[in-house]
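Below: one structure, written as structure tokens.
Labels below follow one simple rule: chain letters A, B, ... track the order of the sequence lines, proteins then strands, and each chain is numbered from 1. Worth knowing before you read on, the calculation uses all heavy atoms, side chains too, and leaves out hydrogens, waters and symmetry mates.
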Amino acid sequence: MAFESFGEFLQMGGYGFYVWLSFFLSFLVIAGVALDAALGRRRLQRQSQTLQRRKRRLAKRQQSPVKESTR
Amino acid sequence: MWRWLHPYAKPEATYRLVDKLLPWFAAFTVVSLAVGMIWGLAYAPADYQQGDSYRIIYIHVPSAIFSMAAYFAMAVMGAIALIWQIKTAEWAIPAIAPVGAAMTVVALLTGAIWGKPMWGTWWVWDARLTSELILLFLYVGVMALYYAFDDVRTGAKAASILAIVGVVNLPIIHYSVEWWNTLHQGATITKFERPSIATSMLWPLLVSLLGFKLLTISLVMMRFKNELLRHELHRPWAQKELSADKELSDGV
């Protein structure tokens with residue numbers, strides 16, 4: 001261990017602000033990329049569901065064209 | 001070898017492979033990053049000149065190295081896309097570019113924050129800093145070009161060409177600290193010489209490098225999986241794969 005106490009660890013020999021700021025910002029940027037990828041998958045999921053619903057609707061319409069036209 | 005490699009031009013086979021590998025890469029990313037960061041922050045000794053501020057090196061150097069490595073990988077994908085017209089290689093470009101750009105941003109940010117206490121300034125227009133900033137612009141340019149065309153494949157071709165041309169910037173970044181008289185310090189680790197850093201500081205740096213390498217690969221894999229699904233959304237395998245994620249399908 002390079003530090004005597006937790007307080008000293010946080011102070012980083014007087015450079016605490018710079019060290020922790022750089023670690024914090026780096027974490028933020030990287031977490032943002034990971035989150036974007038995870039949300040991207042959810043967006044695709046939604047798109048896929050819309051696509052499948054539309055396909056089902058079209059199939060139904062072809063089965064009973066009369067009922068559909070009276071609506 | 002080609003016979004073995006060829007099925008991976010098929011998106012579904014590629015997806016299955018990436019899907020199988022990703023959990024392992026992610027797990028090892030978490031472990032190696034945790035070990036590297038804790039070792040570097042708490043256990044490595046303070047520098048005799050820079051004190052504890054030097055601990056920024058444990059993110060600065062790895063992110064800078066993999067910002068360049070990711071760019072090279074992207075350019076290789078661009079070359080494969082142009083020469084062999086392999087679609088999966090085209091889709092790798094938008095998977096890699098944002099991750100590489102993020103690494104570049106991290107390298108620039110941590111560099112600036114390290115520069116303030118050591119050099120007395122956040123930024124100088126010095127060869128190393130400027131060429132790394134150009135790398136960021138290249139990433140942004142590749143992404144912009146990729147999405148700038150109505151026809152996705154035309155965009156991929158244009159982006160590939162820019163990616164390949166931009167490779168010329170990589171040796172400029174690497175040798176900038178030797179070619180020009182810069183404020184930036186020289187290389188800490190080189191392939192051919194003994195590292196200019198004490199062993200007690202070097203080991204946590206090597207672990208962090210491994211961590212960032214795995215992190216970069218994992219993030220690219222996550223994005224690449226999305227790209228594969230996006231382009232194959234009308235195919236049954238992709239729909240099946242997406243409907244297997246339960247959490248959302250109940251809500252809608």
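Taking A/G32, A/A34, A/G16 one by one and counting their heavy-atom pairs under 4.5 Å with chain B, the maximum is reached by A/A34. Looking only at heavy-atom pairs under 4.5 Å with chain A, the residue among B/S53, B/A95, B/A44, B/S218 that has the most is B/S53.
The two residues B/A159 and B/I93 come nearest to each other via the heavy atoms CB-CG2, 4.4 Å.
Ring pair A/Y18/B/W122 is tilted by interplanar angle, where 30° to 60° counts as tilted. Between B/Y139 and B/Y71, the ring-plane angle classifies as perpendicular under the 30° and 60° cut-offs.
Interface remark: B/Q50 contributes backbone atoms only to the contact with chain A (heavy atom separation under 4.5 Å). Heavy-atom distances place the side chain of A/L51, and not its backbone, under 4.5 Å from chain B. For chain A, no part of B/F224 is nearby; none of its heavy atoms comes within less than 4.5 Å. For B/A238, no part sits under 4.5 Å from any heavy atom of chain A, backbone or side chain.
Between B/R153 and B/K87, the closest side-chain pair of non-hydrogen atoms falls below 4.5 Å.
For the side chain to side chain contact (heavy atoms under 4.5 Å, CB included) with A/V19, the qualifying choice from B/L41, B/I59, B/I113 is B/L41, the only one to do so.
Within residues 199-206 of chain B, no residue approaches chain A closer than 4.5 Å by heavy atoms.
The closest donor-acceptor contact from the side chain of B/S196 to the backbone of B/A187 lies under 3.5 Å.
Taking the six-membered ring for Trp and the full ring otherwise, A/W20 and A/F9 have centroids separated by under 6.0 Å.
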